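Since this is a predicted model, take the numbers as computed values, not measurements. So that the names make sense, note that chain A is the first sequence line, chain B the second, and so on, each numbered from 1.
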Number of protein chains: 2
Amino acid sequence: MTDAPLTISDRIQRQLDDLTRAERQLAHSILENYPASGLGPLSALAKDAQVSVPTVARMVQKLGFNGYPEFQTELREELKAKAKDPIAKHDTWAGGAPSGHILNRFTDAVIDNIRHTLGQIDPQDFDTACAMAANTKRHLFIVGGRVTHTLAEYLFLHMQVIRPRITHIQSTSNTWPHYLLDVKPGDVFIIFDMRRYENNTLKLAEMAHAKGAKLILFTDQWRSPVHQLAQISFSSRIVVPSAWDSAATPLLLLETMVAAVQDLTWGDTKDRMEALEDMFDQTKLFRKFT
Amino acid sequence: MTDAPLTISDRIQRQLDDLTRAERQLAHSILENYPASGLGPLSALAKDAQVSVPTVARMVQKLGFNGYPEFQTELREELKAKAKDPIAKHDTWAGGAPSGHILNRFTDAVIDNIRHTLGQIDPQDFDTACAMAANTKRHLFIVGGRVTHTLAEYLFLHMQVIRPRITHIQSTSNTWPHYLLDVKPGDVFIIFDMRRYENNTLKLAEMAHAKGAKLILFTDQWRSPVHQLAQISFSSRIVVPSAWDSAATPLLLLETMVAAVQDLTWGDTKDRMEALEDMFDQTKLFRKFT
DNA sequence: CATCATCTGTTATTTCATTTTCATAAATAT
DNA sequence: ATATTTATGAAAATGAAATAACAGATGATG
């Protein structure tokens with residue numbers, strides 16, 4: 001471990017706390033696409049970060065450089081060194097860690113899962129599912145199991161802002177028969193069921209299905225038995241180098257769905273959102289005006 | 001639309017024969033450590049290649065640029081594109097959908113977030129945090145906010161299996177002062193706080209800190225104020241083409257941590273796991289019907 | 001050998017980018 | 001609330017770097 005090159009990126013991050021608001025904003029902008037943006041003219045960098053020109057000049061001084069040109073020179077040196085490095089760390093995600101480190105192995109697996117999963121998704125199915133989730137004429141039920149109820153709740157928290165007529169059911173609870181009384185034909189269930197598949201969830205799906213509800217299922221690559229009842233199923237690859245499965249890919253799908261539903265209903269829910277935003281608004285960490 | 005982006009390096013090599021002696025000398029100097037040298041001042045490049053300043057200016061014109069600044073700008077663009085490259089070139093993620101489809105746009109953003117986030121994580125910090133989370137001599141508290149409590153609970157559900165002496169606190173609840181009574185110096189808090197940062201979470205962090213507990217923070221790129229109290233912070237990029245933020249990257253980190261802690265404590269907790277799994281199965285039996 | 005064409009470097013000019021100065025605004029403490 | 005410190009941006013002043021104009025050098029051709 002002789003290498004102590006301490007890149008500028010490192011230095012910026014280390015000093016992040018000593019920086020002022022505008023400077024931090026600038027710092028993030030630099031790191032955003034590093035190092036390219038720092039190699040351009042100072043004024044361009046300033047405009048990009050929406051701070052004034054002197055702010056940039058002051059920050060590079062704070063970082064210990066004698067001026068912007070010196071800062072750039074060092075950036076170029078860094079770039080040169082990186083290009084020459086025979087074992088460029090291009091194939092690792094976490095810079096300083098060996099490729100065998102769990103951070104890199106795990107991330108590799110997740111990216112791979114995402115690629116596989118997305119490759120097998122039918123976009124039309126997805127669009128249909130989003131339309132169903134956006135339809136406020138129908139009641140929307142969200143169902144999760146022992147572990148997956150966290151995903152279900154995450155979805156619920158967001159959909160709650162987007163649309164009314166929505167219920168979160170935890171399949172392990174014994175209160176759910178109550179909810180089912182009100183289910184009408186055409187209502188929509190979004191169900192999460194990953195291995196190991198839960199009897200309760202299946203049972204609930206069956207009853208919902210019997211009542212004429214439409215089911216959308218988020219499951220894993222082996223597919224929960226619920227998928228036979230579901231109108232649309234999304235199967236995620238979830239295997240990672242761990243004793244447990246990864247929820248990252250289903251979460252990605254779920255968040256994408258939230259974004260899509262949001263787009264579909266924007267007109268209706270804009271006010272709804274703003275009202276809620278205000279309610280939660282308590283911090284002013286972000287600049288108000290330029 | 002298979003862009004053959006035709007790098008500047010390519011263009012130089014292609015035109016190598018049309019160049020004069022001094023220009024060739026210069027060209028080789030540029031390619032020597034590309035692209036770093038081309039991003040410096042023209043005069044430095046000239047001195048480096050031992051040619052005169054106008055020679056450089058003439059050559060960039062010969063290459064089809066309107067001036068040296070334009071040449072540099074294109075170099076930077078190239079660099080920026082290259083930084084994103086690793087797999088972002090995977091033209092579309094969801095096969096049947098156009099690249100502008102939300103599935104592809106969203107996934108692009110998430111992959112980008114992951115790369116950025118992992119690139120900025122210090123593996124040693126990560127290992128340290130995992131060791132802290134694995135230490136059963138200390139009580140482990142897991143804290144989440146309004147939205148992030150889903151992440152907190154997801155972590156809790158897994159850690160619960162791995163180790164004893166663990167508590168999940170929801171910061172929006174008002175029951176938490178209760179838990180804090182028992183906090184001892186050296187206890188560990190894993191705290192989730194993403195924008196918009198919650199006062200309750202900060203308060204709780206302060207009290208825990210005052211009691212001598214060690215804090216591990218999962219936050220976003222702008223970092224919750226809690227980070228000043230935290231021994232270790234992990235900042236995730238969370239911006240996606242949506243009205244909301246993405247929890248995919250923090251989830252990835254969290255799952256990786258679970259895997260790592262699992263590895264650290266495997267000897268101790270193997271039995272524990274099996275016992276718990278059994279218990280869940282039995283519980284299911286009891287709840288089969290309601 | 002002379003002449004022309006082309007290449008190259010020196011010098012001068014202009015343009016552009018960085019730095020400095022100063023006034024205002026925000027945050028903090030009193 | 002008021003005062004004091006600190007942060008920030010607008011604009012002027014400074015400096016450097018890129019371009020243009022010119023002249024010397026090199027090599028080719030008749």
Side-chain angles (χ1 to χ4, degrees), chain A residues 8 12 15-30 35-77 281-290, chain B residues 8 12 15-30 35-77 197 199 202 206 222-223 225 228:
Chain A
I8 291 184
I12 292 178
Q15 292 212 13
L16 215 53
D17 291 324
D18 305 338
L19 300 178
T20 66
R21 177 190 55 73
E23 287 169 345
R24 249 197 306 278
Q25 195 170 325
L26 168 62
H28 280 118
S29 176
I30 293 176
S37 54
L39 291 165
L42 185 152
S43 52
L45 189 55
K47 194 194 284 180
D48 230 46
Q50 298 188 313
V51 298
S52 69
V53 164
T55 299
V56 181
R58 276 189 289 258
M59 192 183 93
V60 296
Q61 295 222 339
K62 230 182 206 174
L63 288 171
F65 299 99
N66 252 347
Y68 190 71
E70 188 179 308
F71 167 77
Q72 288 192 312
T73 303
E74 200 150 321
L75 264 185
R76 279 195 302 274
E77 291 301 324
D281 191 5
Q282 45 205 0
T283 57
K284 33 183 177 178
L285 274 158
F286 301 94
R287 44 190 290 125
K288 300 150 205 163
F289 303 100
T290 44
Chain B
I8 291 184
I12 292 178
Q15 293 208 24
L16 214 55
D17 292 328
D18 305 341
L19 301 177
T20 66
R21 176 193 55 75
E23 285 171 345
R24 245 195 308 279
Q25 194 172 325
L26 167 62
H28 283 119
S29 175
I30 293 177
S37 52
L39 291 165
L42 187 151
S43 51
L45 190 55
K47 194 194 281 179
D48 228 46
Q50 298 187 316
V51 299
S52 69
V53 166
T55 300
V56 181
R58 277 189 286 260
M59 192 181 95
V60 296
Q61 295 220 340
K62 230 183 205 173
L63 287 170
F65 297 100
N66 250 350
Y68 190 70
E70 188 179 308
F71 167 78
Q72 287 193 313
T73 302
E74 200 149 321
L75 264 186
R76 280 195 302 275
E77 290 302 322
Y197 315 117
N199 280 327
L202 179 57
E206 279 166 354
W222 300 280
R223 303 202 291 185
Q228 294 176 334

**Study point:** Euclidean distance, atom CG of residue L45(B) to atom P of dG9(C) [Å, nearest integer]
**Key:** 13 Å
**Study point:** Shortest non-hydrogen contact from A36(B) toward R76(A)
**Key:** O-CD, 3.2 Å
**Study point:** Flag side-chain contact, heavy atom, 4.5 Å: V56(A) against F71(A)
**Key:** no
Check your understanding: Taking CG from L26(B) and P from dT8(C), how many angstroms apart are they, rounded to a whole number?
Key -> 11 Å
Point to revise | Of residues 18-25 of chain B, the positions that come close to DNA chain C - non-hydrogen atoms, cut-off under 4.0 Å | key: T20(B), R21(B), A22(B)
**Study point:** Sequence neighbours excluded - salt bridge (charged side-chain N to carboxylate O under 4.0 Å, His left out) pairs with any residue from residues 52-67 of chain A
**Key:** E23(A)-K62(A)
Revision key, fill the gap. For residues 63-72 of chain B, the salt bridge (charged side-chain N to carboxylate O under 4.0 Å, His left out) pairs (sequence neighbours left out) are none
Exercise for review: Would you mind telling me which of dA21(D), dA10(D), dT8(C) lies closest to the side-chain atoms of P54(B)?
Suggested key: dA21(D)
Review point. CZ of F71(A) versus P of dT18(C): gap in Å, rounded?
Key: 11 Å
Exercise for review: May I have the distance from M59(A) (atom CE) to dT18(C) (atom C1'), rounded to whole angstrom?
Suggested key: 16 Å
Check your understanding: Given atom CD of Q61(A) and atom C1' of dA7(D), what is their separation to the nearest angstrom?
Key -> 16 Å
Exercise for review: Return the set of residues passing salt bridge (charged side-chain N to carboxylate O under 4.0 Å, His left out) with D17(A) (not counting sequence neighbours), or none when no residue passes.
Suggested key: R223(B)
Might you list the N or O atoms of the protein lying below 3.5 Å from N or O atoms in nucleotides 15-18 of chain D, with each pair's distance?
unit_1: dA18(D); atom_1: OP1; unit_2: L42(B); atom_2: N; d: 3.0
unit_1: dA18(D); atom_1: OP2; unit_2: L42(B); atom_2: N; d: 2.9
unit_1: dA18(D); atom_1: OP2; unit_2: S43(B); atom_2: N; d: 3.3

Check your understanding: Between K47(A) (NZ) and dA17(C) (C1'), how many Å, whole number?
Key -> 13 Å
Exercise for review: Please name all residues satisfying side chain to side chain contact (heavy atoms under 4.5 Å, CB included) with Q50(B), sequence neighbours left out, ordered by chain then number.
Suggested key: Q25(B)
Check your understanding: A49(B): what forms a side chain to side chain contact (heavy atoms under 4.5 Å, CB included) with it, not counting sequence neighbours?
Key -> L26(B), S29(B), V51(B)
Review point. Sequence neighbours excluded, which residues qualify as salt bridge (charged side-chain N to carboxylate O under 4.0 Å, His left out) partners of E77(B)?
Key: K80(B)
Point to revise | Pairs touching residues 35-48 of chain B that satisfy salt bridge (charged side-chain N to carboxylate O under 4.0 Å, His left out), sequence neighbours left out | key: none
Exercise for review: Starting from P on dT6(C), measure out to CZ on R58(B) and report it in whole angstrom.
Suggested key: 14 Å
